[in-house]
Visitor: 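Okay, here's the structure, questions in a sec.
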Amino acid sequence: MAKISANTVVKNGMPFIGKVLRQVAPLVDELIITISEKSNDGTIKEISKVYEDFPGKVFVDFENVSRPGELTQVEQSQVDRSKGDWILFLSDDDYWPTEELRLCIQQLDRNLDVLAYDVSPYQVMNEFQHDTRWRG
C-alpha cells in the first residue's frame, strides 16, 4: 500500500480544521502541519488536540512569514520532510468523505507511473456556504 503524507499550512482554520484532519488521519501515514503564529481563532488549540489523538503521526511546526510569497518556502520545507510515496496537499477546509479518500488511495496503488492526481473534494467555505453533499 502506498505511503501517504498529508501536508497542511493553516492560519485561522476554525471551525473546520479539526474535522478535516481527523477524517484524513486514519488513512495517511503522517500529518505534517505548519500553523501560522498569527492564528487567533483556536486553530492552535484544536491542532494540539489532533496531535494528542494521533500520537506519532502528527508533526507540527509554526511559521511567521511577513509576505504570502514566503509560504512557498514553508510548503517546500514540508515536502522535503515528507516520507510518503505520495503527498496529499490538504487545506483547512478540504473535507474528505472516508470512502472517497479510500478510493483515491486505491488508485495510487494501481498506477504508480502517474506523477500526480488532481481531485476536488468537498470544500467548506463557511457555515453558510458549502457543498450541500457535505451535510450529515
Visitor: Is any side-chain heavy atom of Thr8 closer than 4.5 Å to one of Ile47?
Guide: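 In short, these two side chains do not touch, never coming nearer than 4.5 Å.
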Visitor: Does Thr43 offer a backbone N or O that forms a donor-acceptor pair with the side chain of Asn12 under 3.5 Å?
Guide: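 No, the answer is negative, given that no donor and acceptor are paired below the 3.5 Å cut-off.
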Visitor: Same cluster or not: Ile17 versus Val9, using hydrophobic residues (I, L, V, M, F, W, Y) connected whenever any side-chain heavy atoms lie under 4.5 Å apart?
Guide: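 No, it is not one cluster - the side chains of Ile17 and Val9 are not joined through contacts under 4.5 Å.
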Visitor: Taking the side chain as everything from C-beta on, heavy atoms only, tell me whether Ile4 gets closer than 4.5 Å to Ile87.
Guide: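 Not touching, per the 4.5 Å side-chain cut-off.
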Visitor: Shortest non-hydrogen contact from Ser36 to Glu63?
Guide: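 For Ser36 versus Glu63, the nearest heavy atoms are CB-OE2, 3.1 Å.
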Visitor: Tell me whether Lys19 is salt-bridged to Glu46, with the criterion being a basic N under 4.0 Å from an acidic carboxylate O.
Guide: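 Salt bridge absent between Lys19 and Glu46.
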Visitor: With hydrophobic residues grouped by side-chain heavy-atom distances under 4.5 Å, do Phe62 and Ile33 end up in a single group?
Guide: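 Shared cluster, yes.
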Visitor: What's the separation between atom CG in Leu31 and atom OG in Ser82, rounded to the nearest 0.5 Å?
Guide: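 Answer for the CG-OG pair, Leu31 versus Ser82, is 10.5 Å.
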Visitor: Say you draw a straight line from CD1 of Ile32 to CD of Glu30; how long is it, rounded to the nearest 0.5 Å?
Guide: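 It comes to 4.0 Å.
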Visitor: Any side-chain to backbone donor/acceptor pair from Asp85 onto Lys3? Under 3.5 Å, distance only.
Guide: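 It does hold such a pair.
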Visitor: Determine whether Phe54 and Val60 fall in the same hydrophobic cluster, where Ile, Leu, Val, Met, Phe, Trp and Tyr are linked whenever their side-chain heavy atoms lie under 4.5 Å apart.
Guide: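 Result: yes, single cluster for both.
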Visitor: Give a yes or no on whether a salt bridge exists between Asp29 and Lys83, defined as a side-chain N under 4.0 angstrom from a carboxylate O.
Guide: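 Result for this pair is no, no salt bridge flagged.
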Visitor: So how far is it from Met14 CE to Asp41 CG, rounded to the nearest 0.5 Å?
Guide: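 Going from CE on Met14 over to CG on Asp41, the span is 6.5 Å.
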Visitor: Considering only heavy atoms from C-beta outward, does the side chain of Val65 approach that of Arg67 to under 4.5 Å?
Guide: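 They are not in side-chain contact.
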Visitor: More than 12 heavy atoms of other residues, nucleotides or ligands under 6.0 Å from NZ of Lys45: is that the case?
Guide: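 Count not over threshold, so no.
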Visitor: Please check if Leu88 and Trp86 belong to a single hydrophobic cluster, counting links between Ile, Leu, Val, Met, Phe, Trp and Tyr side chain heavy atoms closer than 4.5 Å.
Guide: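 Yes, Leu88 and Trp86 fall within the same hydrophobic cluster.
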Visitor: How long is the gap from NZ on Lys11 to CG on Leu71, to the nearest 0.5 Å?
Guide: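 If we round to the nearest 0.5 Å, Lys11:NZ and Leu71:CG are 9.5 Å apart.
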Visitor: Do Cys104 and Gln107 touch side chain to side chain, with heavy atoms closer than 4.5 Å?
Guide: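 Of all side-chain heavy-atom pairs linking Gln107 with Cys104, none is under 4.5 Å.
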Visitor: Counting C-beta onward and ignoring hydrogens, is there a side-chain heavy-atom pair between Asp61 and Arg81 closer than 4.5 Å?
Guide: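 In short, these two side chains touch, coming nearer than 4.5 Å.
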Visitor: Scan Leu90, Asp92, Asp93, Val10 and name whichever one has a side chain to side chain contact (heavy atoms under 4.5 Å, CB included) with Val20.
Guide: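 Looking at Leu90, Asp92, Asp93, Val10, the match for Val20 under the side chain to side chain contact (heavy atoms under 4.5 Å, CB included) is Leu90.
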Visitor: What's the verdict on side-chain contact (heavy atoms from CB on, under 4.5 Å) for Asn7 and Phe59, showing C-alpha distance, side-chain angles and the deciding distance?
Guide: CA-CA 10 Å; Asn7 293 3; Phe59 305 93; over 6 Å; no
Visitor: Is it true that Glu70 and Ser66 share a donor-acceptor pair across their side chains at a distance under 3.5 Å?
Guide: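 Yes - a donor-acceptor pair under 3.5 Å links their side chains.
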Visitor: Out of curiosity, Gln78 CD to Phe89 CZ, how far, rounded to the nearest 0.5 Å?
Guide: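 Answer for the CD-CZ pair, Gln78 versus Phe89, is 8.0 Å.
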Visitor: Of all the heavy-atom pairs spanning Gln23 and Trp96, show the shortest one and how long it is.
Guide: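 Closest approach of Gln23 to Trp96, heavy atoms only: CG-O, 2.8 Å.
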Visitor: Can you give me the closest heavy-atom contact between Ala2 and Leu108, atom names plus distance?
Guide: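 That closest heavy-atom pairing would be CB-CB, 4.2 Å.
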Visitor: Can you tell me if Ser39 uses its side chain to pair, donor with acceptor, with the backbone of Ile44 under 3.5 Å?
Guide: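 Flag not set: sc Ser39 to bb Ile44 has no pair under 3.5 Å.
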Visitor: Please say whether more than 12 non-hydrogen atoms of neighbouring residues, nucleotides or ligands are located less than 6.0 Å from OH in Tyr51.
Guide: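 Not buried by this count: 12 neighbours or fewer within 6.0 Å.
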